[in-house]
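Counting from 1, the numbers follow the sequence of the chain as shown. Fair warning: this is a prediction, and the values are worked out from it, not measured in the lab.
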Amino acid sequence: MKIPAYRRIATDLADKIRAGEYRPGDALPAQRELSAGYGVTLMTLRQALQELRDEGLIVQQAGRGTFVAPVQAAYRVDTLRSFVEDLREQGHRVTTEVVSAGLRDGALHLERVRLLGDRPVIHQTSSVPAPWGAEVQSEDFRRMSLYAALAGAGVTIVRASERIVPGLLTEPAAGHLRRPAGEAVFVSERTTYAMDEQIAVVDRAIILGDLMEIRAERAATRLSVQWGAIPDRHD
């Protein structure tokens with residue numbers, strides 16, 4: 001059975017995208033250039049692009065052109081895991097820089113920056129009250145998640161409450177994220193509870209608004225909400 005021309009073109013472009021010839025965020029050649037290169041009409045070329053769009057491989061912006069879709073890195077808000085655990089599970093290289101860590105009034109105050117690849121995307125401050133703060137303060141939080149440290153200290157996490165609002169980037173977070181103050185950000189405020197409704201962690205995360213998005217999947221029995229990462233337009 002003969003394969004339609006538009007499908008052959010879609011397969012070829014998809015292979016080039018997956019091989020890295022066209023990288024996330026790159027503009028594809030103009031439609032007339034592509035149609036001439038493949039020796040097909042614009043209508044056939046547009047059918048191929050529709051296939052790629054349906055697969056989520058490209059996005060089209062009116063007046064600007066066709067771009068390779070961003071590689072999505074999803075942070076699930078509906079789980080009790082950390083940012084890093086969710087992103088690493090998807091195969092992303094995530095590292096943590098510890099800005100400061102110390103005890104104050106018996107509580108551990110921890111300030112970290114999360115990097116996706118080599119780009120800082122999240123500035124996070126966490127507070128762990130006594131007595132658990134003292135028990136986990138000596139851990140290397142560049143390599144160990146706070147949740148893992150608490151589990152090692154015998155703390156059982158049972159639930160978390162999270163509020164996400166838009167905001168503007170301010171100092172000193174702007175400096176840590178290598179962006180000017182005033183840019184759009186998401187602000188996540190999360191309180192995590194242990195047994196008997198004891199507060200285990202209070203988190204505040206500043207998330208760059210042009211690198212992350214919130215996506216939701218709805219089903220009859222559940223709601224799955226995710227963070228998604230998009231390419232840094234400042235590169």
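The salt bridge (charged side-chain N to carboxylate O under 4.0 Å, His left out) search around Glu33 returns none, not counting sequence neighbours. In this view, Arg32 satisfies the side chain to side chain donor-acceptor pair (under 3.5 Å) rule with no residue, not counting sequence neighbours. Glu197 pairs by the side chain to side chain contact (heavy atoms under 4.5 Å, CB included) definition with Arg159, Tyr193, not counting sequence neighbours. Applying the side chain to side chain donor-acceptor pair (under 3.5 Å) criterion to Arg23, with sequence neighbours excluded, gives no partner residue. Applying the side chain to side chain contact (heavy atoms under 4.5 Å, CB included) test to Arg104 and every residue at least two apart in sequence or in another chain returns His109. Every residue two or more places apart in sequence or in another chain that forms a side chain to side chain contact (heavy atoms under 4.5 Å, CB included) with Gln50 is listed here: Arg53, Asp54. Residues satisfying the salt bridge (charged side-chain N to carboxylate O under 4.0 Å, His left out) criterion with Arg178, sequence neighbours excluded, are absent altogether. The salt bridge (charged side-chain N to carboxylate O under 4.0 Å, His left out) search around Arg163 returns Glu189, not counting sequence neighbours. With sequence neighbours excluded, the residues satisfying side chain to side chain donor-acceptor pair (under 3.5 Å) with Glu111 are Ser100, His123, His176. Remark: Asp105 engages no residue in a side chain to side chain donor-acceptor pair (under 3.5 Å) (not counting sequence neighbours). With sequence neighbours left out, the side chain to side chain contact (heavy atoms under 4.5 Å, CB included) criterion links Ala5 to Arg8, Val40, Thr44.
Nearest heavy atoms, Leu103 versus Ala134: CD2-N, 3.8 Å. Contact between Val202 and Ile199 at its shortest, heavy atoms only, is CG2-CG2, 3.7 Å. Closest non-hydrogen pair, Pro129 versus Ala200, comes out as CD-O, 3.3 Å. Between Ala160 and Thr192, the closest heavy-atom pair is CB-OG1, 3.9 Å. Contact detail for Val201 and Ser126: the closest heavy-atom pair is CG1-CB, 4.2 Å. The two residues Val136 and Phe141 have their closest heavy-atom pair at O-CZ, 3.3 Å.
Considering OG1 of Thr66 and CZ of Arg46, their distance stands at 9.5 Å, rounded to 0.5 Å. Here Thr95 contributes atom OG1 and Arg119 contributes atom CZ; the two are 12.0 Å apart, rounded to the nearest 0.5 Å. Leu57 contributes atom CG, which lies 9.5 Å from atom CG of Leu13 (distance to the nearest 0.5 angstrom). Put simply, CG on Asp26 and CD1 on Ile17 are 9.5 Å apart, with the number rounded to the nearest 0.5 Å. To the nearest 0.5 Å, atoms CD (Gln47) and OG1 (Thr41) are separated by 7.5 Å. Thr96 OG1 to Gln124 CD: the interatomic distance, rounded to the nearest 0.5 Å, is 8.5 Å.
Under the 4.5 Å side-chain criterion, counting only non-hydrogen atoms from C-beta, Glu97 is not in contact with Val99. Under the 4.5 Å side-chain criterion, counting only non-hydrogen atoms from C-beta, Tyr22 is not in contact with Ile58. In this structure the side chain of Val121 never reaches within 4.5 angstrom of the side chain of Ile207, judged on heavy atoms. Side chains of Ile9 and Leu45 form a contact here, defined as non-hydrogen atoms less than 4.5 Å apart. Using a 4.5 Å heavy-atom threshold, the side chains of Thr125 and Asp203 count as separate. Using a 4.5 Å cut-off on side-chain heavy atoms (C-beta onward), Leu177 and Glu183 make no contact.
The cluster map of Ile, Leu, Val, Met, Phe, Trp and Tyr, joined by side-chain heavy atoms under 4.5 Å apart, puts Leu42 and Leu34 in different clusters. Transitive grouping of hydrophobic side chains (ILVMFWY, heavy atoms separated by less than 4.5 Å) keeps Met144 and Val155 in distinct clusters. Taking hydrophobic clusters as Ile, Leu, Val, Met, Phe, Trp and Tyr residues chained together by side-chain heavy-atom distances below 4.5 Å, Leu49 does not share a cluster with Met43. There is a path of hydrophobic side-chain contacts, each under 4.5 Å, that joins Ile157 to Trp132. Residues Tyr6 and Ile3 do not share a hydrophobic cluster, clusters being chains of Ile/Leu/Val/Met/Phe/Trp/Tyr side chains in contact below 4.5 Å.
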Check your understanding: After noting the C-alpha distance and the side-chain angles of Val187 and Ile206, does the key distance pass the side-chain contact (heavy atoms from CB on, under 4.5 Å) rule?
Key -> CA-CA 5 Å; Val187 180; Ile206 308 298; 4.0 Å; yes
Review point. Is there a side-chain contact (heavy atoms from CB on, under 4.5 Å) between Val128 and Leu110 once you walk through the steps?
Key: CA-CA 8 Å; Val128 181; Leu110 179 62; over 6 Å; no
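Residue pairs meeting the salt bridge (charged side-chain N to carboxylate O under 4.0 Å, His left out) criterion with at least one partner in residues 125-137, sequence neighbours excluded, are absent.
The main-chain N or O of Ser35 is never found under 3.5 Å from a side-chain atom of Gln31 such that the two would form a donor-acceptor pair.
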